[in-house]
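Presented below is the structure to which this report refers.
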Amino acid sequence: MPAMEMNCVEKDVSKRFNEHYKGLRNMIIGRTANITKPLPGRTNCQYRNKCWLGCPFGAYFSTQSSTLPAAMATGNLTVRPFSIVTKILYDKDTKKAKGVEVLDAETNQTYEYYAKIVFVNASTLNSAWVLMNSATDVWPDGLGSSSGELGHNLMDHHLGVGAGGVVEGYDDKYYFGRRANGIYIPRFRNLNGEKRDYIRGFGYQGGAGREEWGRSIPEFSIGGQFKDALSEPGEWTMGIGGFGETLPYHENRAFLDKNKKDKWGLPVLAIDATVKENEMKMRIDMANDAKEMMEMAGVKKVNLYQSEPVLGRGIHEMGTARMGRDPKTSVLNEWNQVWDAKNVFVTDGACMASTACQNPSLTYMALTARAANHAVEELKKGNI
């Protein structure tokens, strides 16, 4: 799929980047799960920027627009809504899972479903919950807990640091539609032999645009002039915000709170996770570099913003059932199989061993496709 286009300000800023940093830093258009050309049954992006409401054109990837229709077309899919998977059923004799237990959220009835393979994709925290709640006398801390890493190494991207300001000289220009995407500045720290006082790095997301009717105009209060002024586009602004990598700390964890139950009588998940020294040092560069780059690009009245880092704010939760090559230090093997039950696959954010600094969902999708293919091959060989 061809990428979306930068607007005129972003193109000029990108050009300055390339000239000033000589390829060591780059500003590119972001790549998201929006199709820019039609596909069978799906219309290309209409530039409405309403992705989060559910795209009726199917331009923005979702299970409803893409994978569910494909699965339904096979004739082999059964969808059971209003269901809470409470545990994976483990068979001690075969050392494999035999299915799942499901609680009907409306009737409180319990059902069991049996399968040769179980894929867990409940999102990082809920996948960890399902595994931990699948405890047996063999695995008292949950299925996949033999290494002692289940629920640990919880990560998220840390953000809330960036800079922005006003861009002059483009008042006669505008842009098409409401692009559901922004620019991206890939990581440039701790690369090419550079060493900072922290490890790993960060990228930036952002973009340029013109202020719209939501802006305030101090000179006017109410009436015709006020309405007329707000019907015209405001000044151009440009801003970027950093997304930094959080390291996988064993002590950052999620665990079952046996003393607190939800409305269905199930234990809730408790979280104990904080941003630590490496990330705090990184945030100094995230702030200073953002200000430097905006000023270099000709942005005026540059404002720097910083807020307290809180894990969870990035909603890019990862970890808790990390992949690895050693069953003593990881929950899953390199094919996303639970070491303790090879026919159970976990392919969402729970499997990640590190966060990098990019948005991770497309990686989960790639890992899922890879694991599904491996599961089919292993099933045919009789290995699972």
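Residue numbers start at 1 and run along the sequence shown.
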To the nearest 0.5 Å, what is the distance between CG on Asn121 and OG1 on Thr63?
11.0 Å
Do Asn126 side-chain atoms and Trp129 backbone N/O form a donor-acceptor pair below 3.5 Å?
no
In terms of hydrophobic clusters joined by side-chain contacts under 4.5 Å, are Met238 and Val302 together?
yes
Give the ring-plane orientation class for Tyr113 versus Tyr111, where under 30° counts as parallel, over 60° as perpendicular and anything between as tilted.
tilted
What heavy-atom pair brings Trp339 and Ser330 nearest, and what distance separates the two atoms?
NE1-OG, 2.9 Å
Determine whether Arg31 and Tyr184 make a side-chain contact, defined as any pair of heavy atoms from C-beta on separated by less than 4.5 Å.
no
Begin from the C-alpha positions of Thr86 and Glu101 and carry the test side chain to side chain donor-acceptor pair (under 3.5 Å) through to its verdict.
CA-CA 6 Å; Thr86 53; Glu101 182 182 278; 2.8 Å; yes
Taking every heavy atom of Pro267 against every heavy atom of Asp257, the minimum-distance pair comes out as CB-O, 3.7 Å
Apply side chain to side chain donor-acceptor pair (under 3.5 Å) to the pair Arg313 and Ser307, showing each step before the final yes or no.
CA-CA 11 Å; Arg313 183 177 177 184; Ser307 58; 2.6 Å; yes
Heavy atoms only: give me the nearest Ser127-Asp348 pair and the separation to one decimal.
OG-OD2, 2.5 Å
Using 30° and 60° as the class boundaries, would you call the ring planes of Phe243 and His157 parallel, tilted or perpendicular?
perpendicular
Could you tell me whether Met1 atom CE has more than 12 heavy atoms of other residues or ligands within 6.0 Å of it?
yes
Is Met352 reachable from Leu247 through a run of hydrophobic residues whose side-chain heavy atoms are each under 4.5 Å from the next?
no
Whether Lys276 engages the ring of Tyr249 as a cation-pi pair (distance to the six-membered ring centre under 6.0 angstrom, angle to the ring normal within 45°) should be assessed.
yes
Can Tyr198 and Asp285 be said to form a side chain to side chain donor-acceptor pair (under 3.5 Å), step by step?
CA-CA 10 Å; Tyr198 54 87; Asp285 272 0; 2.6 Å; yes
More than 12 heavy atoms of other groups within 6.0 Å of Lys11 NZ:
yes
Can you name the one residue among Arg283, Arg200, Arg189 that meets salt bridge (Lys or Arg N to Asp or Glu O under 4.0 Å) with Glu245?
Arg200
In terms of side-chain heavy atoms, does Tyr204 have a donor or acceptor partner in Asp289 at a distance below 3.5 Å?
no
Testing the basics here: between Asp104 and Arg80, what is the closest heavy-atom pair and its distance to 0.1 Å?
OD2-NH2, 3.1 Å
Pick from Ile271, Leu154, Thr274, Asn252: which one makes a side-chain contact (heavy atoms from CB on, under 4.5 Å) with Leu311?
Asn252
Relative to each other, are the rings of Trp335 and His374 parallel, tilted or perpendicular (30° and 60° limits)?
parallel
Should we say atom OH of Tyr60 is surrounded by more than 12 heavy atoms from elsewhere, each under 6.0 Å from it?
no
Is the shortest heavy-atom distance from the side chain of His316 to the side chain of Pro360 under 4.5 Å?
yes
In plain terms, say whether Glu295 and Lys291 are close enough for a salt bridge, that is, a side-chain N and a carboxylate O under 4.0 Å apart.
yes
Taking it one step at a time, do Asp137 and Lys92 satisfy salt bridge (Lys or Arg N to Asp or Glu O under 4.0 Å)?
CA-CA 10 Å; Asp137 54 352; Lys92 288 187 284 187; 3.2 Å; yes
Pair Asn343-Gln337, side-chain donor/acceptor within less than 3.5 Å
no
Taking the inter-plane angle between the rings of His152 and His250 on a 0 to 90° scale, is it parallel (under 30°), tilted (30 to 60°) or perpendicular (over 60°)?
parallel
Charged N to carboxylate O below 4.0 Å: is that the case for Arg179 and Glu10?
yes
Give a yes/no verdict on a cation-pi contact between Arg25 and Phe17, requiring under 6.0 Å between NZ or CZ and the six-membered ring centre and an angle within 45° of the axis.
no
Evaluate salt bridge (Lys or Arg N to Asp or Glu O under 4.0 Å) for Glu194 paired with Arg196, printing each intermediate quantity in order.
CA-CA 7 Å; Glu194 181 197 52; Arg196 312 295 289 179; 3.4 Å; yes
Once you round to the nearest 0.5 Å, how far does CD of Glu279 lie from OG1 of Thr246?
4.5 Å
Would the Trp236 and Tyr175 ring centres measure less than 6.0 Å apart?
yes
Please test Tyr174 against Asn7 for side chain to side chain donor-acceptor pair (under 3.5 Å), starting from the C-alpha separation and ending with a verdict.
CA-CA 8 Å; Tyr174 204 69; Asn7 60 42; over 6 Å; no
Do you know which two heavy atoms are closest between Leu150 and Leu143, and how far apart they sit?
CD2-O, 3.6 Å
Determine whether the aromatic ring centres of Tyr47 and Phe176 lie less than 6.0 Å apart.
yes
Any idea which heavy atoms bring Ser134 and Lys87 closest together, and the distance?
OG-CA, 3.4 Å
CG of Asp172 to SG of Cys8, rounded to nearest 0.5 Å, is 8.0 Å
Would you indicate whether Ile315, at its atom CD1, is surrounded by more than 12 heavy atoms from other residues, nucleotides or ligands within a distance under 6.0 Å?
no
